[in-house]
Student: 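Once you've had a glance at the structure underneath, I'll fire off some questions.
As the structure lists them, so they are numbered: ligands from 1, and atoms in each ligand from 1.
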Amino acid sequence: MTGNDITHWVDGAGWAGTAGRTGDVYDPATGQVTARVCLASESDVDHAVTSAARAYPRWRDTSLARRTAVLFAFRRLLAEHAGEVAAAITAEHGKVLDDAAGEVQRGLEVVDFACGLGHLLKGDFTENASSGIDVYSIRQPLGVVAVISPFNFPAMVPLWFLPLAIACGNSVVLKPSEKDPSASLLLARLLREAGLPDGVCTVVHGDRVAVDALLAHPDIAAVSFVGSTPVARSVYETGTRHGKRVQALGGAKNHMVVLPDADLDLAADAAVGAGFGSAGERCMAISALVAVDPVGDELVERIAKRIGALRTGDGRRGCDMGPLVTAEHRDRVASYVEAGIASGATLVADGRSVIPDGDPGGFWLGPTLFDHVTPDMSIYTDEIFGPVLSVLRAPSYEAAVELVNASPYGNGTAIFTTDGRAARRYQNEVEVGMVGINVPIPVPVAYHSFGGWKASLFGDAHAYGTHGVDFYTRTKAVTSRWPDPGSDGVQLGFPRNS
Ligand code: NAD
């Protein structure tokens, strides 16, 4: 172990675990290994879950007033330390600093929402539902819940879940991505500083071994997972087989439809921002642009012009787009550029020839634009998760909707038009969980819920908003009466209301 080891966080302190396994953490803008993260064994996970289970009963019984106070203090601390969290994200993920700061801000919104937990958790009461009988429902926490998050939003995705799970009275074991683990530790430290009792928020680092151990652990009541579709599907199936409540958010292929009446400058700006922001490593990135005839040529020309003005480089130098997260991922994305050329798409901008404003050892790939992409090509069918935007042509609105609805994914989509009736029709007909109308990345605010359809989400509950409160609580209905002494006789019939 060196001074640069990133440890687990158990019982309110760093803990190296017993596994003796580590993973390399890179600075993607230099290609250098900057730290080693401890990777948990099954017994390390058991130790972490046991600590969380020990902390649960006291936290569950802590008053709403005290829990609220912790969340308010956490909100203040997170806002104060937002720059530090953003810097940690940029150092390990590579996204540019401004983008990292935006991610922290969106996470903060969920903390804001969780600060209203008194209102969110209050139950219903019916007086005199039957003669002398009152019926009421209460919400209670589940126990220890696991949160398993992806590399692309190392602070925001944990913050989709942690504040609400904790506010509802659960203990949480967070398993962040092993590629950029530091932001989650900063969150755990700030929660402790805010007054959260030790053990209520635990961070365990690891890979598949840790995930499998969490899914099988008898003391884990529920799992919130976010990641690629194959892993999300398997986490959902395994977790539910073990009797857990599971929500598993998966991958995406998000379409942006541009109708002939759209403002083409607005659409081109949006396509470039949503296609290449965070180097395309966003689950809400636009990766397929559907140009409805006859706007294709003009739109591609405007997008290409904007791509020419983008600066790819080190996220600490004020560039527009940073590197990809690992060399392996960069090579995988670059292989799709080869595949697109081989399948006959027109390569308009080639990111492989980018000259970055950064260390030559960084994991660089510039913005790449393909035109005349068809639905059978792998650059269209696969989630590439990189700065590769494909333009498809559709002869009509109907053909565009048919194309979008034929996709196995259904995370986000956008339509660009000046025709309100067409937009309203799209909102109604499209089989996608989150829809933007002249908004390219329609991530809902914290009091609405986030979630896709089809292969983009397994389970019933979306993330945060009221879905989050429902997911992290179970309801209990109480039927109560206080009869006069001696007023009852024996009754064997099924109780009727009167
Ligand atoms: P990933 O599926 O590789 O990893 C996600 C998490 O699962 C990580 O914590 C990782 O350690 C763990 N994991 C990886 N392989 C595993 C396996 N075989 N078994 C068990 N656990 C495993 O995803 P990623 O590369 O970190 O993130 C990118 C993916 O996440 C993209 O597909 C993206 O669309 C998706 N994503 C979806 C949303 C959403 O809201 N739908 C949000 C963000 C990211």
Student: Is there a ring-ring contact (aromatic ring centres under 6.0 Å, His included) between His81 and Phe74 once you walk through the steps?
Tutor: CA-CA 10 Å; His81 292 266; Phe74 177 57; over 10 Å; no
Student: Test Pro141 against every option in Tyr472, Tyr56, Trp59 by the side chain to side chain contact (heavy atoms under 4.5 Å, CB included) rule and name the one that passes.
Tutor: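 The residue from Tyr472, Tyr56, Trp59 that satisfies side chain to side chain contact (heavy atoms under 4.5 Å, CB included) with Pro141 turns out to be Tyr56.
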Student: When you check the gap from the basic side-chain N to the acidic O, do Asp382 and Lys253 get nearer than 4.0 Å?
Tutor: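 The answer is no: the pair does not qualify as a salt bridge.
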Student: Any chance you could lay out the ring-ring contact (aromatic ring centres under 6.0 Å, His included) test for Tyr26 and Phe363, step after step, and finish with the verdict?
Tutor: CA-CA 10 Å; Tyr26 290 88; Phe363 308 138; 5.7 Å; yes
Student: Every pair of nitrogen or oxygen atoms between ligand 1 and the protein that is under 3.5 angstrom apart - can you list them with their distances to 0.1 Å?
Tutor:
from     : atom 1 : to     : atom 2 : distance (Å)
ligand 1 : 2 (O)  : Ser228 : N      : 2.9
ligand 1 : 2 (O)  : Ser228 : OG     : 2.7
ligand 1 : 9 (O)  : Ser149 : O      : 2.8
ligand 1 : 9 (O)  : Lys175 : NZ     : 2.9
ligand 1 : 11 (O) : Lys175 : NZ     : 2.7
ligand 1 : 11 (O) : Glu178 : OE1    : 2.7
ligand 1 : 26 (O) : Phe151 : N      : 3.0
ligand 1 : 30 (O) : Gly227 : O      : 3.3
ligand 1 : 32 (O) : Glu383 : OE1    : 2.6
ligand 1 : 32 (O) : Glu383 : OE2    : 3.4
ligand 1 : 34 (O) : Glu383 : OE2    : 2.6
ligand 1 : 41 (N) : Gly250 : O      : 2.7

Student: I want to check something: taking the side chain as every heavy atom from C-beta on, are Thr368 and Phe370 in contact at a cut-off of under 4.5 Å?
Tutor: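 Counting from C-beta outward, Thr368 and Phe370 do come under 4.5 Å.
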Student: For Phe151, give me all partners under ring-ring contact (aromatic ring centres under 6.0 Å, His included), at least two apart in sequence or on another chain.
Tutor: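 Phe151 satisfies ring-ring contact (aromatic ring centres under 6.0 Å, His included) with His93, Phe385 only.
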